[in-house]
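Here's the structure, in structure tokens; my notes come after.
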Amino acid sequence: MIHHIVLFRLKPGVGWDSPEFRAAEELQERMGEEIEELRAWTCGRNVSDRPAAYDYAVLGLLDDAAALARYLAHPFHLRAAEAWTAISDRVLADIPARPGTSTTRLPHHLEGDSRVGTR
């Protein structure tokens, strides 16, 4: 299993109410439904106001490197990535789950702005 993690920092002039942000956020919220390779998906606005904090985060779970490659090449992912590139800077990491550890299955939705889904 591979954990896919992306943190977004909005560019100056882009805020939660910006139409461009709303459109990008809507795409992220649909990602887990649109891309079969995602075993779990959560995304949402950061609630921390610490200076080092990013504004938005996504967490995905994929079976292996081949599933990650298919996810990255998927047209829906490319569309979302293009929307986020226009409004944010980002950092990412794809980390393998450690052998012998279990992966917690998350409920479909949590309270707040986060969207969580599992397959």
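Worth knowing before you read on, the calculation uses all heavy atoms, side chains too, and leaves out hydrogens, waters and symmetry mates.
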| request: Could you tell me which non-hydrogen atom of Ala73 sits nearest to which non-hydrogen atom of Leu78, and how far apart they are? | output: O-CD1, 3.6 Å
| request: Look at the rings of His4 and Tyr71 and say which category their plane angle falls in: under 30° parallel, 30 to 60° tilted, over 60° perpendicular. | output: perpendicular
| query | For Leu7 and Ala57, which heavy atoms make the closest approach, and how far apart are they? | reply | CD2-CB, 3.6 Å
| With a distance cut-off below 6.0 Å to the six-membered ring centre and an angular limit of 45° from the axis, does Arg9 pair with Tyr54 as a cation-pi contact? | yes
| Test: Arg45 and Glu25 ion pair at under 4.0 Å | yes
| said: Does this structure show an ion pair linking Arg30 with Glu26, if we count only N-O contacts that are shorter than 4.0 Å? | reply: yes
| remark: Taking every heavy atom of Leu72 against every heavy atom of His77, the minimum-distance pair comes out as O-ND1, 3.2 Å
| query | Where is the tightest heavy-atom contact between Leu27 and Ala80, given as atom of each residue plus distance? | reply | CD1-CA, 3.9 Å
| task | Check the pair Trp41, Val58 against side chain to side chain contact (heavy atoms under 4.5 Å, CB included), reporting the backbone distance first and the verdict last. | result | CA-CA 7 Å; Trp41 182 256; Val58 302; 3.8 Å; yes
| query | Quick one: are Leu10 and Trp84 in side-chain contact, heavy atoms under 4.5 Å? | reply | yes
| Do the side chains of Met1 and Leu61 get nearer than 4.5 Å, heavy atoms only? | yes
| message | So Arg39 and Asp63, do their side chains get closer than 4.5 Å, heavy atoms only? | response | yes
| request: Flag the pair His3 / Leu59 as yes when at least one side-chain heavy-atom distance between them is below 4.5 Å, and no otherwise. | output: no
| field | ILVMFWY cluster, Met31 and Ile5 together (side-chain gap under 4.5 Å) | value | no
| note | All heavy atoms of Ser18 vs all of Gly13, minimum pair found to be OG-O, 4.0 Å
| request: Give the cluster check for Phe76 versus Leu92: same hydrophobic cluster or not, with ILVMFWY residues linked at side-chain heavy-atom distances below 4.5 Å. | output: yes
| remark: d(Leu38 CG, Glu33 CD) to nearest 0.5 Å is 11.0 Å
| task | Would you please test Arg90 and Thr85 for side chain to side chain contact (heavy atoms under 4.5 Å, CB included) and show each step? | result | CA-CA 8 Å; Arg90 63 184 174 253; Thr85 297; 3.0 Å; yes
| field | Distance, nearest 0.5 Å, that separates OG1 of Thr42 from CD of Gln28 | value | 11.0 Å
| task | Grab the two heavy atoms, one from Phe21 and one from Ile87, that are nearest each other, plus how far apart they are. | result | CA-CD1, 3.7 Å
| field | Gap separating the CD1 atom of Ile2 from the CG atom of Asp64, nearest 0.5 angstrom | value | 6.5 Å
